[in-house]
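The structure appears below as structure tokens.
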Amino acid sequence: MWPRIRALVIKEFLALLRDKVARMTMIVPPLLQLVIFGYAATFNIRDIPYAVYDQDGGAASHELLARFEGSSFFRRKAVLTAERQIAPVIDDKRVLLVIHIGPQFSRDLLAHRPARIQVIIDGRNSNTAALAGNYVNEVVQGFDTEWAATHGWQAPPAQLVVRSWFNPDLLSRWFIVPGIIGLLTLVVTLLATGLSVARERESGTFDQLLVTPLGSAEILLGKSVPGFVIGLMEATVILVAAVFWFDVPFTGSLVALYLGLVVFLLSGIGIGLMISSMSVTQQQGALGVFLFMVPAVILSGFATPIANMPLAVQYLTYLDPLRYFLVILRGTFLQGDGAGVLGSQYAGLAALALASMTLAAWLFRHRMS
Amino acid sequence: MATAALVFKDVEKRFAAGGGRITEALKGLSVEIAAGVITGLLGPDGAGKTTLMRLAAGLLLPDRGQISVFGHDATSEARASSGSIGYMPQRFGLYEDLTVRENLELYADLQGLAGDARSARYDELLVMTALGPFGTRRAGALSGGMKQKLGLACVLLSTPRLLLLDEPTVGVDPISRRELWIIIERLAREGVTVLMSTAYLDEAERCQDLVMLNEGRLLGQAGPESFRAPLVGRSYLVRAADGGRRRLQQQLAHRTGVIDAQLQASEVRVILSEGATPQPGPGETWEQAVPRVEDAFVALLQGGRTRVKREAAAAGPASGPVRLPPGVVIMARDLRRSFGTFEAVKGVSFDVSTGEVFGLLGANGAGKTTAFRMLCGLLLPTAGKLSVAGADMYHAGASARQRIGYVSQRFVLYGNLSVAQNLQFFAGVYGLGRAALDARLRWAEEEFDLGPYRSVNASALSVGYKQRLALACALLHEPQILFLDEPTSGVDPLARREFWERINALAHDGVTVMVTTHFMEEAEYCDRLVLMSQGEVLASGTPPEIRRLAQTPERPDPTMEDAFIVLIAEHEQSIRRAS
Amino acid sequence: MNRMRLRGLIRKEFLQIMRDPSAIAIAVVLPFVLLLLFGYGVSLNARRVPLALVAPHSPQAQELLGGFDHSPYFVPRRYATMAAATHALVRRRVQGIVWLRSDFGRHVLARGNAGIGVFVNGVDANNAGLLEAYIRGVWLGWLSRQAQAQGSALSVPVTVEQRIWFNAALRSRNYLVPGLIAIVMTLIGALLTAQVVSREWERGTMEALMATPVSMADILLSKLIPYFVLGMAGMALSVAMAVWLFTVPLRGTLLVLFSASGLFLLVALGMGLLISTVAKNQFISATIAIVTTFLPAFILSGFIFDLNSMPWPVRLLTHIVAARYFVAILQTVFGAGDLWPVVLANAAALCVMAAFFLGLTWRLSRKRLD
């Protein structure tokens, strides 16, 4: 049995990687995308473009605005002189927000009366708007604390002392880059396996394969190996890049991560082979890969939390291997997790791997004719 | 020259063959095709026939030289002249999901046929091609012959002055082939210049002019008469007293002075080399025959070809295959298979004994391949029983499949793997040990002359070499039963001869061979065969038995093709009577 | 170009579409299913976040915690000790902890500026940031209640009055759904056309077509027009779903929306045709289609990750992602209205890209076999 499988595995590798263009399309884009997406995919906003409409012009307003000027989160793009100028700068997306300080601002503050400022935020991207609002609040809170202390205001009865664990500066890169490992590994695995049976069906070599003594389990095993090896290697490269290039701390157990990677690859391969066994032409195979990959990525919790989804959709995500692997990745990277904590994630992945492999073998046998 | 329809002057065409290699398809070809006649384009695989056609149609540009069509430079005015050229590629691109009528309408639009001329032309073409009753049928559901006729009709919509046909009759049953020829000859009478390439050399006899290419060069151009002339006195029909024509053919093939020895009906056709005289052996009667174009073709080309290494093939591998005991090896009883409502195989039964060469004959769509796939375990029969070496291949385990070798249609191999990698793969999956593997790989490279092509990608091989490689891969594990599905389709006459010599040698060694083919004359190489049409067996028996079915006083010695046509006609009548 | 030839080819293309319904499925069923799934599934609005509360039983502490009980954002869970709460946080049972020390009440009464410990799981940084803001909101509410109870004004010098334009409720669906339309249409465009040219080559129909007097422009147009019509049908369906199913307000006009969609579809189809024309085999064409369409549209279009937050080299790179322009137009036309400066600038970019892809396809597809 082993010499047969060995020959098959060699053949699968050659078929996948012997053509230079095919080799390039399998290997280069994932690495390129790691670099680009690693930088691009961030929820942290910097250099928020804003405009100032200051009707007060007093010392207090100058002091407050100086804090915005000094913050790395904000960049002033315009100074407005009339209320009607506000709408155009926001509409055209020249600025994300406008700080409007009313004429009574300094007078109120000096008279020990609470003052108000108005912040107009472009809500078209609600997440950015919410974050920008938070940053404005932070700057103003800093001003308040200092003003209260220097001008004899009474301190509030209680203060918030906020710490965030595992990611003290709330860098979304620490969240996204480990996710990219899972994302790209899934894409590579699906590409390596999703078209492999259909390609042989189309070229006719599939019949040739079936009349050899190879059993269908052996054929599927042979087809799994290249996807597994390529996926493992690319995941490792991306892992190294995540730690040493993007400086994402790796605090957990490498064994726990690789255990997860292996089960994740198996479930990805199982799904790829399932798609492949179902499709008669490569076009159908490609369509199948697309149809699985797109929801698998969007609903995995990669960018938007699963907890925010309606319950029905949340149940659906249990069929998504990426969902489990993202938890393993983020757990081992940031939370210092070992294999023990991640038991339920492994179980979910293993169940998916087993189910998809079994189904792939069944489909493979039943779609032979 | 006013009468030349197509002129090639010193034309060169090169292609990148991958890996930095360059194939020269045409090497300074100069040829003139006369207007108003049917010219046949002959040559072995890779001679440059298709390249010539595509250049003439303006689909390729020559690297050097001039091409003119009716006096216009085809390279610079490709667009202008393309209206006067009709071109039917080897695999004519019918839209299979469109109906016959819709295909015609599309091509009428493309050729700018005006509305009122259109319907008259449709009717004319549908009558000519006898496709009238099938106007609303999807093109994909037509038989091979009907598809070719529809393709031809699409090309003929705007009556081209020059008609280029690239192997229009390949895979078409003999009846459809005759009908296609009637159409072509009628067009020629109407003044259309026809240039057609063909693998059937009997068709060359019907052309007025023949152009023979070899390796991108012109080997000769003349009418069939002049082609045959040098062969007068060199073609013989030989008959042995004891009637063992297969043995006789093998003896004759290796006699000095004999270029070619082929089975032809009940005799062996022998071609002598120039200057040789017949040397009849004991019990042989030699009779001079009228030379054919095929004789001339073989005589012209045989010199440059490597002969099969008979000794190696006959001696076989060192160990020799483990022979199956004599008796029935393959058995089929009332085998049926339907696809939806369409019944592809309608109750087929036969037995094949150890060491027999057994043929399944019929045109494309006769159900040969479906029957074949069921035998190999690739397809589950809808009904009926079958066994191969005592097992049902569909459910059999690895050891049963270890006994069979399989060459599928179109010689499918892993195109982006090299020759050596393909061989190694198949040796590996058949579980050959290291020592056996090396020995068999060496055997394959020697026996099939694949050594020089070791590192060439399988997809870059010529059809002839693909066939060799496919056969080599199927033989590596020394199977007891060999399944060959259309192993000679698209292969030139010389490679076909070589192939059958190998099969003979294998059968001699006790390998049971099951083969499908649509070349009627190849039936002669089978010990027994069944003739199929539309899923049904028309006749079964030895070749002489089947030929005898068509024997009439006017036709004392019918060919297999005659038999086929007679049997089809009888079959259709019986259907008509029944309904 | 010749009207009769073009008409013939287009009719053929439509007949093929009707016979093989997979194209209709891709154009109409696919956007429906994907949009349904994603429209509900993709949201950045955290609701009912599990939050651990560790606090003494003093009335002051309970008064503060009551704010969490009444907030729609939290599902508070009480823990007796900080150790138990920490364990829950590590095990991902809660997203954050609010910790009031046992002397909290005393400090508050004494105006001793009591500390409120807040710990959030920062793994999902974005979510953690939002969580922090929600907690801050509860705290501010408590502060003003405290101030009112003591009869004094709020003890904070400056308060911020936020006015969010276009989307006052900060409903993430309002900007995610229009972005999803762009992503889904990117997929549809590529899937529809990525194989229609290579298919003709593989089936041998291209060689037969080329031997007729048709021009390459005829062939390309005959591919473009039917799939454009199909794509627009998918687009119309998507817009209808966005407006009626997901109740995303459409502030701009349909005319602008559909003109921009048509333009974008031209780019997407042009890209598909280009891949189909250039790729040698289906494996490579499928790989290129998967790699160059979905992930860039997902990550580099501004659909979810803000373009302004990206470093400048990446931001420069996003200019070659067509979805970027379409997302900007869609988010503006849906969220704000026909703001011409935004619409025109992005439409101009789409025009350039459409011209580029279609022109390149046209140049690369010569009427020759070699």
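Remember, it's a predicted structure, so these values are computed and weren't measured experimentally.
Looking at A:Leu291, the atoms closer than 4.5 Å to chain C (heavy atoms on both sides) all sit in the side chain, from C-beta outward. Heavy-atom distances place both the backbone and the side chain of A:Ile117 under 4.5 Å from chain C. With a 4.5 angstrom heavy-atom cutoff, A:Asp122 touches chain C via backbone and side-chain atoms both. When heavy atoms are compared at a cutoff of 4.5 Å, A:Leu184 approaches chain C solely by way of its side chain, counted from C-beta outward. For A:Gln314, no part sits under 4.5 Å from any heavy atom of chain C, backbone or side chain. For A:Val98, no part sits under 4.5 Å from any heavy atom of chain C, backbone or side chain. For A:Leu326, no part sits under 4.5 Å from any heavy atom of chain C, backbone or side chain. For A:Arg199, the part sitting under 4.5 Å from any heavy atom of chain C is the side chain, from C-beta outward, and nothing else. Within the 4.5 angstrom heavy-atom criterion, only side-chain atoms of C:Glu132, from C-beta onward, approach chain A. With a 4.5 angstrom heavy-atom cutoff, A:Ile120 touches chain C via backbone and side-chain atoms both. Contact annotation for A:Tyr39: both backbone and side-chain heavy atoms come within less than 4.5 Å of a heavy atom of chain C. Interface residue A:Leu160: backbone and side-chain heavy atoms are both found under 4.5 Å from chain C. Heavy-atom distances place the side chain of A:Val313, and not its backbone, under 4.5 Å from chain C. Only the side chain of A:Leu334 comes within contact range of chain C, with at least one heavy atom under 4.5 Å from a heavy atom of that chain. Of the two parts of C:Leu295, the backbone and the side chain both hold a non-hydrogen atom closer than 4.5 Å to a non-hydrogen atom of chain A.
To the nearest 0.5 Å, atom CG of residue C:Asn45 and atom OG of residue A:Ser126 are 5.5 Å apart. The CZ atom of A:Arg330 sits 11.0 Å away from the CG atom of C:Asn121 when rounded to the nearest 0.5 Å.
The minimum heavy-atom distance between A:Thr304 and C:Gly41, with the atom names listed, is OG1-O, 4.4 Å. Closest heavy-atom contact between C:Val160 and A:Val119: CG1-CG2, 3.6 Å.
The backbone N or O of C:Ser43 lies less than 3.5 Å from a partner atom in the side chain of A:Asn308, making a donor-acceptor pair.
Note on ring orientation: taking the six-membered ring where Trp is involved, the planes of A:Phe302 and C:Phe305 are perpendicular (angle over 60°, cut-offs 30° and 60°).
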Walk me through it: do A:Phe37 and C:Leu300 pass the test side chain to side chain contact (heavy atoms under 4.5 Å, CB included)?
-> CA-CA 8 Å; A:Phe37 296 167; C:Leu300 300 177; 3.9 Å; yes
Verdict with reasoning, C:Leu37 to A:Leu316, per side chain to side chain contact (heavy atoms under 4.5 Å, CB included): CA-CA 10 Å; C:Leu37 207 54; A:Leu316 205 62; 3.4 Å; yes
